[in-house]
Amino acid sequence: GQLSPRRAKAATNVLWVLAHWIAYTHTEEACELANWVKVLDPDFKAPERGVLGFLYRRIGFKYTERILFIRRRLKNLVR
């Protein structure tokens, strides 16, 4: 039951999106999944561009998701 490198690389893109969705409510679990993505493909780079991609590369998944969480909370207060 081991993934070939090609399949592991294909799975990382789906798992990355899943980790982002999970982070909406369960940040620690999402961080574990994001770390697993790095284990599957050590050369993985977040597919996001712009400021979001910059944040993922510079401060990592956990802190970027915390910033996004705060942003979502502030946005909901304004509504």
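Since this is a predicted model, take the numbers as computed values, not measurements.
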Query raised in the report: When clusters are formed by joining ILVMFWY residues with side-chain heavy atoms under 4.5 Å apart, either directly or through shared neighbours, do Leu52 and Ile67 land in the same one?
Result: no

Query - Check: Leu55 and Leu68 side chains under 4.5 Å, non-hydrogen atoms - result: no

Requested in this report: Please collect all ring-ring contact (aromatic ring centres under 6.0 Å, His included) contacts where either partner lies in residues 51-79, sequence neighbours excluded, each pair once.
Outcome: Trp16-Tyr56, Trp16-Phe61, Tyr56-Phe61

Requested in this report: Keeping to residues at least two apart or across chains, list the salt bridge (charged side-chain N to carboxylate O under 4.0 Å, His left out) pairs with something in residues 65-79.
Outcome: none

Donor-acceptor contacts under 3.5 Å from residues 28-43 side chains, at least two apart:
unit_1, atom_1, unit_2, atom_2, d
Asn35, ND2, Cys31, O, 3.3
Lys38, NZ, Phe44, O, 3.0
Asp41, OD1, Asp43, N, 3.2

